[in-house]
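Data block below; observations after.
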Amino acid sequence: QVQLVESGGGLVQAGGSLRLSCTASGRTFSDYAMGWFRQAPGKEREFVAGISRSGGRTGYADSAKGRFTISRDNAKNTVYLQMHSLISEDTGVYSCAAGLALLMSTLTGKYDYWGQGTQVTVSS
């Protein structure tokens with residue numbers, strides 16, 4: 001089992017920045033590819049960004065490219081999502097996910113463990 005705990009969400013004005021963190025416990029963190037997903041009210045969960053086990057490969061949704069950066073610190077068992085130039089459409093619950101033996105994936109079904117999520121609200 002892997003336990004994931006997100007933090008760093010909150011209320012921010014449009015154009016502002018936030019950094020989300022997700023700390024893992026329970027298994028060897030570097031065995032897992034990690035992803036960030038978000039779910040807006042009334043919408044399905046969607047992929048935001050992903051990172052491979054070593055951190056050498058990253059991927060982003062088109063909506064996140066150029067504004068968000070995913071990174072990880074395997075020594076701290078933590079993955080981060082730095083978000084800049086936030087817009088109202090970025091509002092939602094952001095969850096991290098861990099996938100064993102993945103290179104990286106945009107698909108929710110490929111991930112084995114999920115955190116509870118942290119709310120991000122962008123006011124316009």
Side-chain angles (χ1 to χ4, degrees):
Q1 290 285 339
V2 174
Q3 292 78 42
L4 302 171
V5 179
E6 301 95 339
S7 61
L11 174 64
V12 62
Q13 288 188 335
S17 300
L18 280 175
R19 187 176 83 154
L20 306 183
S21 300
C22 169
T23 301
S25 61
R27 288 285 185 94
T28 303
F29 182 64
S30 58
D31 286 345
Y32 293 82
M34 300 297 295
W36 282 100
F37 292 77
R38 68 186 181 193
Q39 187 166 21
K43 295 188 177 181
E44 292 188 355
R45 182 179 284 172
E46 63 176 358
F47 172 79
V48 176
I51 189 166
S52 62
R53 285 169 283 176
S54 68
R57 176 177 288 195
T58 58
Y60 298 90
D62 287 343
S63 61
K65 288 178 182 176
R67 300 188 300 127
F68 294 2
T69 302
I70 188 171
S71 61
R72 66 189 295 162
D73 185 339
N74 286 346
K76 295 183 178 180
N77 292 352
T78 301
V79 62
Y80 304 97
L81 184 68
Q82 179 68 57
M83 305 186 292
H84 294 297
S85 302
L86 286 162
I87 58 178
S88 58
E89 288 81 1
D90 295 319
T91 294
V93 176
Y94 284 69
S95 300
C96 65
L100 182 64
L102 276 181
L103 178 58
M104 190 183 63
S105 178
T106 64
L107 303 176
T108 58
K110 295 292 187 180
Y111 291 85
D112 304 293
Y113 301 100
W114 292 81
Q116 291 296 311
T118 185
Q119 176 70 44
V120 172
T121 303
V122 183
S123 63
S124 56

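Along the sequence shown, the residues carry numbers beginning at 1.
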Exercise for the section: Output the distance between atom CD (Gln3) and atom OG (Ser25), rounded to the nearest 0.5 Å. Expected result: 4.5 Å
Handout entry: Residues, nucleotides or ligands: over 12 heavy atoms within 6.0 Å of Gln119 CD
Key = yes
Handout entry: Path from Phe37 to Tyr32 over hydrophobic side-chain contacts below 4.5 Å
Key = no
Problem - Minimum heavy-atom distance Ala14-Ser124, with the two atoms named - result: CB-CA, 4.2 Å
Handout entry: Atom CZ of Arg27 with >12 non-hydrogen neighbours under 6.0 angstrom
Key = no
Practice task
Please list, chain by chain and in numerical order, all residues satisfying ring pair (Phe, Tyr, Trp, His ring centres under 6.0 Å) with Phe68, sequence neighbours excluded.
Solution key: none
Exercise for the section: Mind checking side-chain hydrogen bond (donor to acceptor under 3.5 Å, both in side chains) for Lys43 and listing every partner two or more places apart, or none if nothing turns up? Expected result: none
Handout entry: Criterion ring pair (Phe, Tyr, Trp, His ring centres under 6.0 Å) on Trp36 and Phe47, from CA distance to verdict
Key = CA-CA 6 Å; Trp36 282 100; Phe47 172 79; over 10 Å; no
Please output the side-chain donor-acceptor pairs of residues 91-106 that fall under 3.5 Å, not counting sequence neighbours, one pair per line with the distance.
| residue | atom | partner | partner atom | Å |
| --- | --- | --- | --- | --- |
| Thr91 | OG1 | Ser88 | O | 3.0 |
| Thr91 | OG1 | Val122 | N | 2.9 |
| Tyr94 | OH | Arg38 | NH1 | 2.9 |
| Tyr94 | OH | Asp90 | O | 2.5 |
| Ser105 | OG | Leu107 | N | 3.0 |

Exercise for the section: Check for a donor-acceptor pair, side chain of Ser52 on one end and backbone N or O of Arg57 on the other, with a separation under 3.5 Å. Expected result: yes
Exercise for the section: Could you pull out the closest heavy-atom pair between Ser123 and Leu11, with the gap in Å? Expected result: CB-CD1, 4.3 Å
Practice task
Measure from the side-chain N and O atoms of Arg53 to the backbone N and O of Met34, and report whether any donor-acceptor pair falls under 3.5 Å.
Solution key: no
